[in-house]
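Side chains included, hydrogens not; waters and symmetry mates left out as well; all remaining heavy atoms used. Every chain is numbered from 1, with letters handed out A, B, ... down the list of sequences. Remember, predicted model here, so these are calculated numbers, not experimental data.
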2 protein chains.
Amino acid sequence: MKGFAYLLVAVVALTGVVVYMAHASGRSEQEADPIFGITIPPGYRDWRLISVAHEEGNLNDLRALLGNDVAIKAYREGKLPFPEGTVIARIAWDYVPSEENNKVFGRAQSFVPGPAPDWYLQFMVKDSKKYAATGGWGYAQFNKDGKPADEAKLKTCFPCHEPIKARDFVFTRYAP
Amino acid sequence: MKGFAYLLVAVVALTGVVVYMAHASGRSEQEADPIFGITIPPGYRDWRLISVAHEEGNLNDLRALLGNDVAIKAYREGKLPFPEGTVIARIAWDYVPSEENNKVFGRAQSFVPGPAPDWYLQFMVKDSKKYAATGGWGYAQFNKDGKPADEAKLKTCFPCHEPIKARDFVFTRYAP
């Protein structure tokens, strides 16, 4: 029985690891953001959609904004400032033409998600006390391997969001 | 007490209506698609994200693809053909520049969802028997008022999806 118990523990432990890795899209490490201490929220890819966007210029990406339950509720009720515990996730993919779609349409009109850029994942986490110095929000960015952006990069987040203070530092509007 | 009971019934009835309308994004009517008999699935806006895209040309929209639980499971497992009960939702918005974002970035680089075009909502519903004549999929389109597209328009769906038969007539790939 003792051997069986050890086996069971081992299986549970392994299963736990497998489930965890699946949630974090295959990332086994969970290195925290070096300024705000944020790690990738498990299950963020299952969150509901806030909106989508295309950024041109140096970014040239297609992006989706997802929100945890607190975020979605606040958005739908038009509540500002966002409540404590709000987390907004931003996933970006390289903006690439879809050859297979364009073949069907007979012209180059379809642009779809391509590979993950360095700014693949970004999160804004609302904690008014912890992040008082940056408008009540912590900021995080991870590449596709789960590696967080460095301090220099993360220091650019708040200055860029500051002009949108009237909407609690959040650029994205809800797309109905 | 009788008056109170009537009041309660009235409140419950009204609340039911309000909840229903909220789910259908304010649409009170639920007119069915004239060919496939599809109505707007309640709660589709809460479904998980499959992918995003930008279509240029005559469409010129930003779009999000959402899937019901059957769809998301099949996509993540790479299962083809899609199982019975799969529903894929496509929401489209006019592709418009974000003046407020561009002001912050100092250049015209940000494109976001604008008003709803006529092809605001589209659904693909998998029912191999019911929709055997169109590859096992029913197709539906609704404008922002919940009005379904006419027969002539709906007859163009399957011919356009037919070239992508190898992927069970579904253009969109899952964006990780």
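Listed by chain and residue number, B:D94, B:V96 satisfy the side chain to side chain contact (heavy atoms under 4.5 Å, CB included) test with B:P115 (two or more places apart in sequence, or in another chain).
By the 4.5 Å heavy-atom criterion applied to side chains, B:E100 and A:R167 are counted as neighbours. Counting only heavy atoms from C-beta outward, the side chains of A:V70 and A:V87 never approach each other to under 4.5 Å.
Ring-plane geometry between A:H54 and B:F111 is classed as parallel, the angle between the planes falling under 30 degrees on a 0 to 90 degree scale with a further cut at 60.
Of the listed residues (B:V112, B:L62, B:I91), the greatest number of heavy-atom pairs within a distance under 4.5 Å of chain A belongs to B:L62. Of the residues considered (A:E162, A:K103, A:Q109), A:Q109 shows the highest number of contacts with chain B, using heavy-atom pairs under 4.5 Å. For the set B:R173, B:R48, B:E55, the entry with the most heavy-atom pairs within less than 4.5 Å of chain A is B:E55. Your options are B:A64, B:C160, B:S110, B:S98, and the one with the most heavy-atom pairs under 4.5 Å with chain A is B:S110.
Residue A:Y139 forms a side chain to side chain contact (heavy atoms under 4.5 Å, CB included) with just one option from A:H161, A:K153, A:Q122, and that option is A:H161.
Electrostatic pairing of A:R107 and B:E56 does not count as a salt bridge here, judged by no charged N lying under 4.0 Å from a carboxylate O.
When heavy atoms are compared at a cutoff of 4.5 Å, A:N58 approaches chain B by way of both its backbone and its side chain. If you measure heavy-atom distances from A:V52 to chain B, the contacts under 4.5 Å come from both the backbone and the side chain. Contact of B:I72 with chain A is not made at all, since no heavy-atom distance falls under 4.5 Å. The part of B:A108 that comes within reach of chain A is its backbone (N, CA, C, O), which places non-hydrogen atoms under 4.5 angstrom from that chain.
Residue A:L59 shares its hydrophobic cluster (ILVMFWY side chains chained together at separations under 4.5 Å) with A:W119.
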Under the salt bridge (Lys or Arg N to Asp or Glu O under 4.0 Å) rule, what do A:D168 and A:K126 come out as? Steps first, then yes or no, please. CA-CA 10 Å; A:D168 196 21; A:K126 188 69 180 273; 2.8 Å; yes
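The environment of B:D118 atom CG is sparse: at most 12 non-hydrogen atoms of other residues, nucleotides or ligands sit within 6.0 angstrom.
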Can you give the donor-acceptor pairs under 3.5 Å from side chains of residues 129-136 of chain B to other protein atoms, not counting sequence neighbours?
residue: B:Y131; atom: OH; partner: B:F36; partner atom: O; Å: 2.9
residue: B:T134; atom: OG1; partner: B:Y131; partner atom: O; Å: 3.3
residue: B:T134; atom: OG1; partner: B:W137; partner atom: O; Å: 2.7

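Contacts between residues 77-85 of chain A and chain B, defined by a heavy-atom separation under 4.5 Å, are made by no residue at all.
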